[in-house]
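Take a look at the structure below.
A note on names: the letters A, B, ... follow the listed sequences, proteins ahead of strands, and every chain is numbered from 1.
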2 protein chains.
Amino acid sequence: MQLRNQVEWVLHCCAILAMLPEGARLSTRALAEFHGVPKEYLSKALQSLAQVGIVEGSLGPAGGYRLARPASAISFLDIVEAVEGGGRSFACTEIRCNAPCHPPGFRPEGPCQVARIMWRADDAWRRELAAQSLSALADQLGRELPADLQSRTAGWLKKRISS
Amino acid sequence: MQLRNQVEWVLHCCAILAMLPEGARLSTRALAEFHGVPKEYLSKALQSLAQVGIVEGSLGPAGGYRLARPASAISFLDIVEAVEGGGRSFACTEIRCNAPCHPPGFRPEGPCQVARIMWRADDAWRRELAAQSLSALADQLGRELPADLQSRTAGWLKKRISS
DNA sequence: CGTAATGCGGATATTGTATATCCATTAGGA
DNA sequence: TCCTAATGGATATACAATATCCGCATTACG
């Protein structure tokens, strides 16, 4: 069980977007170069973010992406689910109904106990991610990253910012 | 991100084994028929359980599997990780090191902040599964399953028990 | 205007993993 | 001795993740 590579990519992309000045945009090309990932494929992931309203894209030269709402209103769960989908990690196929000693077509009432337990763990995972906001990450990075690294990064980004 | 089908299968298999009388065994064939899943493939999953000491297989006719320790000492996490592996759901590839503005070969100290947050969610998931024992599941099933279903199941299993 | 850069969506190729099956071997009960 | 069982290796199949390519509509800028 493993999350897509795209999840890591868009989380870092969102972190970058969250540290940009208000209203500034970055192109897919810039984000891909910054993280060393394939531009075309990253583009797909960013489109997923745009479709659920986490980022907002604009066309033309000087186009690109920016956050569609304040970083404090974007959770890790929002981002992960935009790329990965909202499904459960445990898929119950109701194999308890297959027992040859059950009457054919048997359908029990209520969800499978095994599934209930697995889904509770899923909920705990989601709850943890829902509690983490993008702004908290940006703050943390601003506090812990060495100053020289931050200024070099800021300089590189400044040259790539559109609009 | 989805768990293997095998995870569902072995969880239900362990539930059955936990409800068997002390020392009784069930063959892969019986477990596969009971759940309506392919015997050969289920066998692989059960072998994974045997390798980490959750179940114990024996050869020959009247052979089969039984739990290797009390159901109260087996957690859902034990079973899931036996099949799925103990790896994290989020794999950090350190793309933060790829930034073209960083000095080449740059390696930051400490884990990536993004990864730390994702791993915390993984930990919450694992904690939840570690807290659920196989005996608790068996108790729950014994309490909630309709009596007629339980007796029919017990009868079917009795005919298949080895040793 | 026209040109180039951008996001967007569709189509497709490539790779890798989950799923599934088969077989040879070993071991044990009848 | 024969049958049945787990074990482990090899292999086939299906499907999803990864990656690339192309055509299109839009828009900034000269």
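Separating the CG atom of Leu17(B) from the P atom of dA6(D) is a distance of 11 Å, rounded to the nearest angstrom. For the pair Tyr41(A) OH and dG16(C) C1', the computed distance is 12 Å after rounding to whole Å. The CD1-C1' distance, from Ile161(A) to dT6(C), rounds to 17 Å in whole Å. When the C1' atom of dT19(C) is taken as reference, atom CD1 of Ile95(A) falls 15 Å away, rounded to whole Å. Taking atom NZ of residue Lys39(B) and atom P of nucleotide dT19(C), one finds them 19 Å apart after rounding to whole Å. The CZ-P distance, from Phe90(A) to dA18(C), rounds to 16 Å in whole Å. Between Gln6(B) atom CD and dT17(C) atom P there is a gap of 15 Å when expressed in whole angstrom units. Atoms CE (Met1(A)) and P (dA18(C)) sit 11 Å apart, rounded to a whole Å.
Nearest nucleotide to the Trp9(B) side chain, out of dT6(C), dA20(C), dG28(C): dA20(C). In the set dA20(C), dT7(D), dT20(D), dT20(D) carries the atom at the smallest distance from any side-chain atom of Glu40(A). In the set dT18(D), dA28(D), dC21(D), dA28(D) carries the atom at the smallest distance from any side-chain atom of Ala62(A). Side-chain proximity of Leu59(A) to dA25(D), dT18(D), dC22(D): nearest is dA25(D). Of the candidates dC22(D), dT7(D), dT19(C), dT19(C) carries the atom nearest the Asn5(B) side chain, counting heavy atoms from C-beta on. Comparing dC8(C), dT20(D), dA6(D) by their closest approach to the side chain of Tyr65(A) singles out dC8(C). The nucleotide whose nearest atom lies closest to any side-chain atom of Pro61(A) is, among dA28(D), dC8(C), dA18(C), dA28(D).
No hydrogens or angles were tested; on distance alone, nothing pairs the side chain of Lys44(A) with the base of dG7(C) as donor and acceptor under 3.5 Å.
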Inset, instruction - Could you go through the salt bridge (Lys or Arg N to Asp or Glu O under 4.0 Å) check for Arg69(B) and Glu56(B) one step at a time? - result: CA-CA 9 Å; Arg69(B) 33 186 165 113; Glu56(B) 181 189 71; over 6 Å; no
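Phosphate contact (OP1/OP2 of dG7(C), side-chain N/O of Thr28(A), threshold under 4.0 Å): present. Phosphate contact (OP1/OP2 of dG9(C), side-chain N/O of Gln47(A), threshold under 4.0 Å): present. For Arg29(A) and dT6(C), the shortest distance from a side-chain N or O to OP1 or OP2 is below 4.0 Å.
Note: Phe34(B) and His102(A) have perpendicular aromatic rings, judged against thresholds of 30 and 60 degrees for the angle between ring planes.
Residue contacts shown for Ser43(B) include a base, since a base heavy atom lies under 4.0 Å away. Using a 4.0 Å heavy-atom distance criterion, Gln51(B) is classed as a sugar-phosphate-only contact. Residue contacts shown for Ser162(B) are absent, as no nucleic acid heavy atom lies under 4.0 Å away.
One finds a salt bridge joining Arg126(A) and Glu81(A) here, because a Lys/Arg side-chain nitrogen approaches an Asp/Glu carboxylate oxygen to under 4.0 Å. Salt bridge annotation for Asp123(A)-Arg116(A): absent, with no cationic side-chain nitrogen under 4.0 angstrom from a carboxylate oxygen.
Along DNA chain C, the nucleotide closest to Arg4(B) and the one closest to Gly57(A) are compared, and the more 5′ of them pairs with Gly57(A).
Between Asp78(B) and the options Val52(B), Leu134(B), Leu49(B), Ile54(B), a side chain to side chain contact (heavy atoms under 4.5 Å, CB included) holds for only Ile54(B).
His12(A) is listed as a side-chain neighbour of Cys112(B), based on a closest heavy-atom distance under 4.5 Å.
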